[in-house]
Amino acid sequence: MRGIMNVVKTLVGFLNEYARGLTFTIITLFLLSYCLHPDRFAAHYSFIQTKDIYIEMERSFLPRDNSCDLIVTGKTQLLYPNEHPREDPAALARRLEILPGGQWKPQNCHSLFNVAIILPYRNRPTQLAIFMNFIHPFLQSQNLDYRIFVIEQSPTREFNRAKLFNVGYVEATKINDFHCFIFQDIDLIPQNPDNIYACTKMPRHMSSSVNTFRYNLPYNGLFGGAIALTSKQFKTANGFANFFYGWGGEDDDFYERLQNRGLTITRFGPDVAQYYMLTHKKEKPSVARYENLESGSRKYDSDGLNSLEYKVLDHELRPLYFWILADV
């Protein structure tokens, strides 16, 4: 009898171990399937068809006899950055005929697009070098009249990406009457030449298809990474919120600001809006981001461009960009 009981105990123990192992396997497979399944992303979002990109662009100038052509190729071959650029910035600027402060426009035709590119920055020298090495030829191939601004935050407080965007906008408007503004992170590299770096008739989420998300859009309300707005659209939204110190939340708040002002966002197709994210250290999310998001809806009118306070500590016309050091 005792022998039978021992066999039963052994069998029960085996079954328990088997059940635990089976449960673990099922859970693992479920989580893996969930993570890899494309339907968990907003992959099938609404977008401007490639054939309609030309007519949906918001031109800065009226066409002339010598206006530059805007060519949308429809090709899907992806571009990749040189992650180990060796050319000296000054030499690169001379070769590409870039004016001091990161300014360029075509000489053989009149560009239809006048663009300021605003890049918030702190302690990313490697990514900045890779980005500059890639982006100038990319922009020049689109015949844009553009200037690049790098807004570096002084080290006194936590990083405030949104406020640096506001600073960049205000400082850029002091230099030129830019029609279109691109607000972008320096770790994102556009991979399709048809991703025109100019504004559309509505605010555009440019980086809706990033390699780190397997070229899928995580959720329809995402409006970060790289975005394009006309000056009028940005002023209508009262710019970004100024109180998002630390990482996270400012993009969602800005999306809601646009919705509140009746501005719907648009995108190019997943094949056009493809980006390659450069390797970088992930920042720790701010503990206040959810609280800031909750209170943000009450501050659209009172906080933004109309309440912006900052101090320019230094500035310099560098070979590939206009550098501004700001205390925010």
Kindly say whether [Y] contributes a backbone atom to a donor-acceptor pair with the side chain of [X] at under 3.5 angstrom?
{"X": "K201", "Y": "I55", "answer": "yes"}
{"X": "Q140", "Y": "F138", "answer": "no"}
{"X": "K163", "Y": "A241", "answer": "no"}
{"X": "N133", "Y": "P85", "answer": "no"}
{"X": "E250", "Y": "A162", "answer": "no"}
{"X": "Q184", "Y": "I227", "answer": "no"}
{"X": "S207", "Y": "A226", "answer": "yes"}
{"X": "D145", "Y": "S111", "answer": "no"}
{"X": "Q153", "Y": "E158", "answer": "yes"}
{"X": "D327", "Y": "P155", "answer": "no"}

Modelled atom types, side-chain donor and acceptor of [X] and [Y], under 3.5 Å:
{"X": "E171", "Y": "Y310", "result": "yes"}
{"X": "D69", "Y": "N143", "result": "no"}
{"X": "Y245", "Y": "R157", "result": "yes"}
{"X": "S209", "Y": "Y275", "result": "no"}

Side chain to side chain contact (heavy atoms under 4.5 Å, CB included) assessment of F240 paired with F165: CA-CA 7 Å; F240 280 85; F165 279 144; 3.7 Å; yes
Under 6.0 Å between ring centres: does that hold for [X] and [Y]?
{"X": "Y276", "Y": "Y80", "answer": "yes"}
{"X": "Y146", "Y": "H136", "answer": "yes"}
{"X": "F213", "Y": "Y215", "answer": "no"}

Is the shortest side-chain N to carboxylate O distance from [X] to [Y] below 4.0 Å?
{"X": "D187", "Y": "R124", "result": "yes"}
{"X": "R161", "Y": "D251", "result": "yes"}
{"X": "D303", "Y": "R257", "result": "yes"}

Once you measure the plane-to-plane angle for F181 and F178, does it fall in the parallel (<30°), tilted (30-60°) or perpendicular (>60°) bin?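 Rings of F181 and F178: perpendicular, as their planes differ by over 60°.
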Where does the angle between the aromatic ring planes of Y255 and F223 fall among parallel (under 30°), tilted (30 to 60°) and perpendicular (over 60°)?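 Geometry flag for F223 against Y255: tilted rings.
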Residue pair H205, L222: steps toward the side chain to side chain contact (heavy atoms under 4.5 Å, CB included) verdict: CA-CA 8 Å; H205 182 215; L222 180 63; 3.9 Å; yes
For [X], does the [atom1] atom sit with more than 12 other heavy atoms under 6.0 Å from it, leaving out its own atoms?
{"X": "L62", "atom1": "CG", "value": "no"}
{"X": "H315", "atom1": "NE2", "value": "no"}
{"X": "E97", "atom1": "CD", "value": "no"}
{"X": "D177", "atom1": "CG", "value": "no"}

Row check, Y300 ring normal vs R261 NZ/CZ: under 6.0 Å, within 45°: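 No, cation not above the ring by the 6.0 Å, 45° rule.
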